[in-house]
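In what follows, residues are counted from 1 in the order of the sequence shown.
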Amino acid sequence: MTVRQHVRVTGRVQGVFYRDTCRRLAEERGVAGWVRNLYDGDVEAVFEGSPDDVAMMARWAAEGPPAARVDHCTGVAEEPEGLSGFRVLPDAPPQDALPDAPSQDNPPGVDPGAR
């Protein structure tokens with residue numbers, strides 16, 4: 001079974017190796033998808049793979065790499081598209097930003113009290 005999670009992360013998440021670390025971890029877990037910077041300083045990512053691996057990536061997204069400071073992580077379950085591989089995409093222009101809603105406060109598997 002393949003699932004898909006679309007996340008948006010706010011805080012100090014650009015210029016801290018967030019995207020590269022995300023790519024490396026996703027490749028290690030066999031998770032497909034992509035990650036990119038947004039014009040407003042946020043990061044957006046999509047993870048596709050097994051439920052356990054996608055949940056692990058969603059939990060990691062809410063924490064980020066050591067130099068990051070994640071203030072908020074929202075996630076939306078979506079229909080898988082059958083992506084293969086994981087890519088760092090070019091920065092998104094303003095009109096391509098993920099809308100803030102609908103979303104949930106935390107991706108599946110993220111315990112808000114654990115931050």
Side-chain angles (χ1 to χ4, degrees):
M1 173 181 188
T2 299
V3 298
R4 177 181 170 108
Q5 186 75 20
H6 194 158
V7 300
R8 183 174 182 150
V9 185
T10 63
R12 190 180 75 222
V13 292
Q14 292 189 16
V16 294
F17 295 97
Y18 194 101
R19 292 174 301 159
D20 189 59
T21 305
C22 183
R23 178 198 51 79
R24 182 179 50 79
L25 292 173
E27 288 174 347
E28 287 174 6
R29 296 292 285 216
V31 172
W34 50 264
V35 62
R36 67 180 176 175
N37 285 340
L38 297 177
Y39 75 99
D40 61 1
D42 293 352
V43 169
E44 175 184 29
V46 166
F47 307 119
E48 283 191 12
S50 74
D52 287 345
D53 289 333
V54 168
M56 188 283 304
M57 289 303 301
R59 284 191 302 273
W60 177 86
E63 305 254 339
R69 185 195 76 244
V70 174
D71 293 334
H72 195 70
C73 182
T74 58
V76 178
E78 297 178 340
E79 193 66 32
E81 294 180 3
L83 300 176
S84 61
F86 198 91
R87 301 180 343 170
V88 174
L89 297 180
D91 293 358
Q95 66 271 18
D96 284 352
L98 175 70
D100 289 332
S103 67
Q104 55 196 37
D105 285 339
N106 292 291
V110 176
D111 177 4
R115 287 196 225 159

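For the residue pair Val16 and Ala68, the shortest heavy atom distance occurs at CG2-CB, 3.7 Å. Across Gly33 and Leu83, no two heavy atoms sit closer than the pair CA-CD1, 3.7 Å.
Note on Phe86 and Val54: same hydrophobic cluster, where clusters join Ile, Leu, Val, Met, Phe, Trp and Tyr whose side-chain heavy atoms are under 4.5 Å apart, directly or indirectly. The hydrophobic clustering, which links ILVMFWY residues whose side-chain heavy atoms are closer than 4.5 Å, places Trp34 and Leu25 apart. In terms of hydrophobic clustering, with Ile, Leu, Val, Met, Phe, Trp and Tyr side chains grouped at heavy-atom distances under 4.5 Å, Val88 and Val46 are assigned to different clusters.
Considering Val70, Asp71, Leu38 as possible partners of Thr10, the one that fulfils the side-chain contact (heavy atoms from CB on, under 4.5 Å) test is Asp71.
Between the side chain of Gln14 and the backbone N or O of Asp42, at least one donor-acceptor pair lies under 3.5 Å. Using modelled atom types, no side-chain atom of Arg19 and backbone atom of Val13 make a donor-acceptor pair closer than 3.5 Å. The backbone N or O of Pro80 sits nowhere less than 3.5 Å from a side-chain atom of Glu48 that would complete a donor-acceptor pair. With hydrogens and angles disregarded, no donor-acceptor distance shorter than 3.5 Å links the side chain of Tyr18 to the backbone of Val35.
Counting heavy atoms of neighbouring residues, nucleotides and ligands inside a 6.0 Å radius, atom CZ of Arg87 does not exceed 12 of them.
Salt bridge Arg4/Glu79: absent, no basic N to carboxylate O contact under 4.0 Å. Classification of Arg8 and Glu44 as a salt-bridged pair fails, no side-chain N sitting under 4.0 Å from a carboxylate O. Ion pairing between a basic and an acidic side chain is recognised when a charged N comes within 4.0 Å of a carboxylate O; Arg23 and Glu27 show such pairing.
Atoms CD and CE, from Glu28 and Met57 in turn, are 9.5 Å apart once rounded to the nearest 0.5 Å. Considering CE of Met56 and OG of Ser50, their distance stands at 9.0 Å, rounded to 0.5 Å. Distance CZ/Arg36 to CG/Leu89: 6.5 Å, rounded to 0.5 Å. The CG atom of Asp53 sits 13.5 Å away from atom CD of Gln5, with the distance rounded to the nearest 0.5 Å.
The six-membered or imidazole ring of Trp60 lies away from that of Phe47, with a centre-to-centre distance of 6.0 Å or more.
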